[in-house]
Every structure is written in C-alpha cells, then in structure tokens.
Amino acid sequence: MGTTSFLTRAQRLLRIRNQLVRECLAEVLATFVMMTITLASTAQKIAFLNTKGNIITSYLGGALGVMAGIYTAGGISGAHMNPAFSLAMCLIEQFPWWKFPIFVVVQILGSFISAGAVYILYYDAIWHHSNGTLTVTGPQETASIFATYPADFVSIGNGFLDQVIGTGVLIIVVMGIMDPRNKPVPKGLEPVVVALLVLSIECSMGANCGCPLNPARDIGPRLFTYVAGWGPEVFRWVEGRG
C-alpha cells in the first residue's frame with residue numbers, strides 16, 4: 001500500500017503538463033529509437049565485415065526502426081522523426097509552422113544522441129575494425145555506420161536528385177496512407193505499412209546515396225562523427241568519393 005502511494009506521488013510529481021514539452025520529448029524519444037535500431041544494424045554490417053549482418057539486415061533494421069519509432073510516440077507527437085515530413089505537414093496545414101523549427105531541432109538531437117549510444121554499444125568493434133584510426137574513406141572506414149555517403153561515381157547533382165525522388169516517394173505515399181478517402185489501413189497497423197514502404201524504397205533507391213530520406217537521420221549522426229573523432233572530412237565532398 002505504501003509502495004503504491006509512493007509511486008502515485010512520484011508519478012504526479014514527474015508528470016509533464018506542458019503539451020509542447022511532452023511532444024518534444026516524445027519526438028526525441030521516437031527519433032532516438034528509430035535511429036538507434038537503424039545505426040546499430042549498419043554497425044553490425046560494417047564493423048563485423050558482413051559476418052554479423054549484411055545489406056538485407058541493414059535495410060530491415062532501418063525499416064523496422066521507423067516502425068518502432070512510430071509505435072513509441074505516434075500518439076503524442078505524431079512521431080514525425082523527419083524534417084521533410086514535418087515540412088509536408090505544415091504545407092498541407094496539418095501542423096503549425098511555428099512548431100516546425102522546434103521539431104527539426106529535437107529530431108536532430110534525437111539522432112545525435114542515438115549515434116552516441118551506438119558508438120558506445122559498438123565501441124570495441126568500431127575501434128577494432130578501424131585499426132585505431134577513425135576514417136571516412138578506405139577499407140577500414142567506419143563513418144558510414146553513422147551517416148550516409150554517396151557511391152564513388154555519383155555527382156552532386158545526381159545525389160541531390162536521388163534524395164528528392166526518394167524522399168518525395170516516401171512523403172507522397174505516407175500522405176496517401178493518412179488520407180481517409182483512400183483504402184484505409186487497418187487501425188494500428190499504419191506503422192507496419194510505413195515500414196514496408198521504407199523497405200521498398202531502400203531496396204529500390206538505396207544504391208546511389210544510402211537512402212537517408214531524412215535530413216535529421218543524416219545531420220545528427222554526421223555532427224556526432226565530427227565531434228567524436230572523424231573530423232571535418234565527414235562534411236567534405238571528395239571527387240570520386242562523394
């Protein structure tokens with residue numbers, strides 16, 4: 001009885017009543033969950049030289065991470081997890097413009113924190129694979145665990161177009177899923193359908209640039225690699241490397 005009373009009091013004390021703060025914390029948590037699963041699946045593939053994971057498990061991790069993020073906070077913040085989606089919601093007047101920059105910041109923050117979590121989780125594997133040097137290029141590079149880098153032959157223009165098309169397909173189909181005038185998805189299964197959509201885009205449009213589809217997915221972890229030891233090369237476009 002005493003324990004129950006203590007827990008009730010603690011719950012009341014810790015309860016966050018400000019709706020904006022609740023939404024921001026939910027968005028950070030959803031993005032963190034999505035990105036931790038996504039980056040960890042890539043870390044298994046790269047740091048273990050494809051012995052503990054491969055391109056398929058990496059794609060599945062990214063898609064299932066999206067699903068987990070939506071289930072985590074979809075009922076509180078909408079689980080945007082992506083500035084492109086937040087922008088699209090603003091354009092169709094389903095999300096207030098004044099919240100847009102706030103959500104962008106918390107989404108990038110969630111991605112940044114998740115990169116730190118994955119770095120800690122696979123710290124020994126990353127340093128073993130890199131032979132003690134954190135690099136962006138070469139056979140022992142580990143930067144691509146966290147951020148996406150284009151294929152060697154992809155130009156800036158082609159890379160930009162790649163992301164416009166991939167992200168455009170993602171947003172258009174998600175909007176279609178949300179439209180009640182279309183064939184409805186069974187209630188509660190929307191995150192599963194979105195995950196399948198992400199998987200289909202990864203399988204069909206992931207070769208050029210790694211299929212980020214999400215500015216927060218790339219900027220947050222890239223900032224982390226910059227401060228964690230990979231240095232300014234993570235932001236540099238190198239001819240023949242991207």
Side-chain angles (χ1 to χ4, degrees), residues 16 18-39 41 58-111 114 148 160-206 209-221:
I16 298 172
N18 185 287
Q19 182 62 25
L20 178 60
V21 174
R22 287 166 59 88
E23 291 177 3
C24 288
L25 290 175
E27 194 69 9
V28 169
L29 182 59
T31 308
F32 172 82
V33 168
M34 174 188 73
M35 289 302 302
T36 299
I37 296 172
T38 298
L39 299 181
S41 63
S58 180
Y59 284 168
L60 282 172
L64 295 175
V66 172
M67 180 186 73
I70 298 173
Y71 276 126
T72 297
I76 302 172
S77 68
H80 293 190
M81 304 181 294
N82 186 339
F85 180 72
S86 297
L87 176 61
M89 294 292 284
C90 289
L91 291 173
I92 63 172
E93 300 182 343
Q94 295 296 311
F95 190 68
W97 280 102
W98 66 268
K99 281 187 180 181
F100 174 67
I102 300 173
F103 264 48
V104 171
V105 170
V106 298
Q107 288 159 3
I108 292 174
L109 176 62
S111 290
S114 72
T148 57
F160 177 78
L161 185 62
D162 174 270
Q163 287 310 292
V164 169
I165 294 174
T167 306
V169 170
L170 173 68
I171 299 301
I172 289 170
V173 178
V174 169
M175 292 297 181
I177 292 170
M178 295 170 56
D179 191 338
R181 294 169 297 181
N182 286 333
K183 187 175 179 63
V185 175
K187 186 174 178 57
L189 291 181
E190 297 90 346
V192 178
V193 176
V194 174
L196 291 173
L197 167 63
V198 171
L199 181 61
S200 70
I201 296 174
E202 288 176 320
C203 290
S204 59
M205 305 181 199
C209 298
C211 206
L213 306 176
N214 181 345
R217 181 259 177 272
D218 191 84
I219 294 172

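Positions are given from 1, in the same order as the sequence printed here.
- A donor-acceptor pair under 3.5 Å is absent between the side-chain atoms of T36 and the main chain of V33, judged by distance alone.
- The two residues C90 and F100 have their closest heavy-atom pair at SG-CB, 3.8 Å.
- Counting only heavy atoms from C-beta outward, the side chains of W97 and L87 approach each other to under 4.5 Å.
- Contact detail for T148 and C209: the closest heavy-atom pair is CB-O, 3.2 Å.
- Under a cut-off of 6.0 angstrom, the local environment of CD in E93 is sparse, with at most 12 non-hydrogen atoms contributed by other residues, nucleotides or ligands.
- Minimum heavy-atom separation, N18 to V21: OD1-N, 3.0 Å.
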(message) Set out, in order, the CA-CA distance, both residues' side-chain angles and the distance that settles side chain to side chain contact (heavy atoms under 4.5 Å, CB included) for I102 and C24, then state yes or no.
(response) CA-CA 8 Å; I102 300 173; C24 288; 3.5 Å; yes

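- Taken to the nearest 0.5 Å, the SG atom of C211 stands 7.0 Å off from the OH atom of Y59.
- Formation of a donor-acceptor pair under 3.5 Å by the T167 side chain with backbone atoms of V164 is not found in this model.
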For residues 168-186, tabulate all N or O donor-acceptor pairs below 3.5 Å that involve a side-chain atom, not counting sequence neighbours.
unit_1 : atom_1 : unit_2 : atom_2 : d
D179   : OD1    : R181   : N      : 2.9
D179   : OD1    : R181   : NE     : 3.1
D179   : OD2    : R181   : NE     : 3.4
D179   : OD2    : R181   : NH2    : 3.0
N182   : ND2    : G176   : O      : 3.0

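- Remark: Q163 CD to L161 CG distance equals 10.0 Å, nearest 0.5 Å.
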Atom pairs and distances, side-chain donor-acceptor, residues 60-82, under 3.5 Å, sequence neighbours left out:
unit_1 : atom_1 : unit_2 : atom_2 : d
Y71    : OH     : G188   : O      : 2.6
T72    : OG1    : A68    : O      : 2.7
S77    : OG     : E27    : OE1    : 2.6
S77    : OG     : A79    : N      : 3.1
H80    : ND1    : S86    : OG     : 2.8
N82    : OD1    : A84    : N      : 2.9
N82    : ND2    : L213   : O      : 3.0

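- In this structure, the side chains of P221 and L39 come closer than 4.5 Å at one or more pairs of heavy atoms.
- Judged as a side-chain contact (heavy atoms from CB on, under 4.5 Å), and not counting sequence neighbours, the contacts of P83 are V104, Q107, N214, P215, A216.
- Using a 4.5 Å heavy-atom cutoff, the side chains of F103 and I108 are not in contact.
- A donor-acceptor pair is defined here as one N or O able to donate and one able to accept, closer than 3.5 Å; no such pair exists between the side chain of T38 and the backbone of M35.
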